[in-house]
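Comments concern the structure below.
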Amino acid sequence: MSKWLDDDEVLVGEGSGEAVQLSPRARTLPPGSPRSGHGRSPLASPRSREPVPLSPLAKTMSKAKQLFLLCDKEGKGFITKQDMQRLQWELPLTPEQLETVFDSLDREGNGYLTPVEFNTGLGEQVELEEVTDLDHDEAEEELDEADFSQDPSAVRFVNILMELGTDKLFKDQQELCTLWCELQRDRPEMLSVLEGILVHAVSHLQDTMKERDSLEQALRRRESEHDQVVRSIYEEMESQIREEREKLLAQDSIKQKEKGKILEEELRMREQELENTLKKQTELETRMRQLSHEQVNIKEQNQQLQDLNMQLQEQVERNKEQLQAALAQLNLAQISNAQEQLARQRNVMKVSRNMKKEKESLLRQLEILRDMNKRLRDEKDAQQSQKRTPNVTQALQKRGSVIGNYLLEDKPMKRQPCSADELEQDKKTEVTISSKKHQPSCRVRGENVEQTQTQSKAVSTQQVFKVVFLGNSGVGKSSFIQYYCTGRSDSKVSTTIGIDFKMKTITVDSTTIILQLWDTAGQERFRSITEQYYRKADGILAMYDVTHSASFTAVRGWMDSIREKMCEGAVLMLLGNKLDLADNQCREVRTEEGQKLAEQHQALFYECSARNGLNVEELMNHLAGMLVTQHERQCEDALLLTETMPKRSCCA
Ligand SMILES: Nc1nc2c(ncn2[C@@H]2O[C@H](COP(=O)(O)OP(=O)(O)OP(=O)(O)O)[C@@H](O)[C@H]2O)c(=O)[nH]1
């Protein structure tokens with residue numbers, strides 16, 4: 001144990017583990033001491049000036065303290081069973097033995113050892129060993145005593161010591177005995193001095209020992225008090241630490257709860273975001289699938305289009321070839337067209353020449369009519385005057401009213417030619433017509449002029465009405481006229497070029513009238529010619545094909561144009577032809593549409609068939625009646641106008 005302490009220090013104490021340093025006390029012999037003893041007794045020994053060796057207990061305490069510090073490396077102030085295991089490198093003990101030592105030291109059984117418990121317990125254990133060691137030393141001393149008991153002087157000295165009661169004080173009695181023997185032999189006078197010194201020393205030693213004992217007791221008391229104080233401080237500190245720990249735990253738990261709530265909220269938000277993200281992902285995947293599907297479709301379509309493109313390119317090539325062939329044909333057609341156009345121009349020139357001639361003839365007819373009108377007035381005046389003076393009649397007649405002569409002689413009037421060419425070409429179709437009002441006769445061209453009624457009497461009731469047929473090419477104008485005039489239908493009717501006409505004589509309410517049926521060409525190129533004819537027509541028949549909507553669309557234009565240019569008082573009729581085909585799902589123009597258009601233009605409306613003659617007769621009778629009525633109204637108006645006008649101006 002001396003290796004842990006300096007030689008001049010003494011550690012005493014028990015339980016607390018804290019050694020109390022006592023100042024080294026010089027235990028010197030009085031001056032003049034002959035020689036120092038051998039080791040153990042301080043008396044008259046040269047080594048008595050050396051520091052007093054430590055007591056076993058102090059050494060134990062010091063050792064215990066160091067062992068405790070070794071275990072409590074962290075400086076906790078106590079050690080556990082695990083800390084105790086660190087001593088297995090310092091002490092020759094196994095871990096199990098160390099555990100046993102710990103259990104024996106931990107008398108309270110709380111699982112840890114304070115420094116007091118450790119040092120006290122260890123000290124007690126070491127004391128037992130010391131006691132054992134002391135017994136061993138005593139045995140050795142007894143052996144030594146046995147050595148010097150043979151000397152009578154030594155025996156005597158021992159007896160003296162025993163008498164003094166110091167036999168227990170000096171453990172190294174052999175040196176004293178040797179000193180005693182040497183003094184007795186060499187300086188017997190010094191024996192009394194030695195004895196005095198011994199007595200003095202003994203008393204001093206005894207006092208010192210008593211003082212030491214009292215100090216040790218005081219020290220133990222203080223140590224126990226200190227231990228108690230330290231223990232109470234420890235306990236207080238432990239309770240404070242526990243409270244603080246609980247407080248901290250409580251604060252931590254509140255904070256952790258708040259943090260937990262925040263984290264839960266955050267977690268919820270994250271979950272929401274995650275759900276949204278997952279939804280978006282699902283949508284995107286769906287969209288991706290759709291897109292890929294569409295892409296596949298588009299690829300297929302692309303492929304198809306490429307194939308189609310190839311086919312089209314091939315077709316284009318073929319078409320190019322065909323186009324070139326067509327161009328060649330077109331050139332040929334253009335040449336033939338130019339030739340045809342020349343021929344048409346010639347025809348137009350011819351027609352216009354005819355029209356000019358017709359105009360001149362009409363003018364001449366007008367002149368004749370005026371002339372006749374004048375004569376009729378003269379005759380009327382003559383008749384009136386004859387009524388008043390019957391003898392005058394004969395004279396007037398004689399004076400020569402041309403009309404009167406014609407009437408008396410029953411001589412037919414010479415007709416004025418409508419068209420010079422036509423009159424020359426077809427002389428056999430002459431018809432002599434006259435009227436009560438002495439309308440002039442006229443000669444017309446026509447293949448089927450029907451003379452239904454001719455009266456041999458001088459006064460004829462026949463009137464001529466000019467009826468013009470209009471409409472697109474192919475609607476059946478020529479066929480209609482053909483059927484009306486002949487009562488037959490002909491499927492092979494050639495298209496009309498320019499103008500053609502036929503005549504038909506009919507009787508309406510005992511009035512015989514002649515209908516001049518003007519058949520116009522429906523082709524657009526003759527439009528300007530046809531317009532000339534319906535300007536002065538008495539009746540206009542605008543025709544369309546009920547099985548051909550384009551013809552109905554065209555007839556609207558015709559109707560507008562007719563309305564603009566037709567004479568006042570002329571009768572307008574809208575005709576839907578080819579009614580025989582309307583039942584075979586071929587009808588393209590409904591009856592209501594035709595009626596509506598007719599109403600818009602204040603026109604009569606019929607649907608008919610030039611093939612089977614449906615409604616043909618009826619509508620023409622209706623038209624004729626309207627014409628007669630209209631004519632009579634015009635005549636009445638004219639008569640009224642004439643009567644109201646002064647005679648001079650009338651004649652003029
Ligand atoms: N089924 C049927 N066919 C008709 C009728 N009317 C005329 N057609 C036929 O229609 C075709 C044309 O008839 P056209 O009389 O030449 O016609 P369009 O209006 O005179 O013709 P353009 O002279 O060119 O103005 C002929 O083949 C006729 O047979 C009808 O009522 N019924």
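Counting convention: from 1, in listed order, for ligands and their atoms alike. Values below: every heavy atom of this structure, side chains too, minus hydrogens, waters and symmetry copies. Quick caveat, the model's predicted, so the values are computed rather than measured.
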Hey, does [X] come in under 3.5 Å of ligand 1, counting only N/O atoms on both sides?
{"X": "Gly522", "answer": "yes"}
{"X": "Lys477", "answer": "yes"}
{"X": "Ala610", "answer": "yes"}
{"X": "Gly474", "answer": "yes"}
{"X": "Asp519", "answer": "no"}
{"X": "Asn577", "answer": "yes"}

Less than 4.0 angstrom from a charged side-chain N to a carboxylate O is my criterion; do [X] and [Y] meet it?
{"X": "Arg268", "Y": "Glu265", "result": "yes"}
{"X": "Glu592", "Y": "Lys596", "result": "no"}
{"X": "Arg587", "Y": "Glu607", "result": "yes"}

For [atom], what is the nearest protein heavy atom, given as residue, atom name and distance?
{"atom": "atom 3 (N) of ligand 1", "answer": "Arg611 NH2, 3.3 Å"}
{"atom": "atom 16 (O) of ligand 1", "answer": "Val493 CG1, 3.7 Å"}
{"atom": "atom 1 (N) of ligand 1", "answer": "Asp580 OD2, 3.0 Å"}
{"atom": "atom 8 (N) of ligand 1", "answer": "Lys578 CE, 3.7 Å"}

**OP:** Measure the distances from the heavy atoms of Leu579 to every atom of ligand 1 and state whether one is below 4.0 angstrom.
**Re:**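 False for this residue.
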Subject >> Proximity flag Gly471 to ligand 1, non-hydrogen atoms under 4.0 Å >> reply: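 Not so, Gly471 does not reach ligand 1.
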Original post:
What atoms in ligand 1 come closer than 4.0 Å to a heavy atom of Asp490?
Top reply: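 Numbered from 1, ligand 1 contributes 29 (O).
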Original post:
For Ala521 and Thr496, which heavy atoms make the closest approach, and how far apart are they?
Top reply: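 Shortest heavy-atom separation between Ala521 and Thr496 comes out as CB-O, 3.2 Å.
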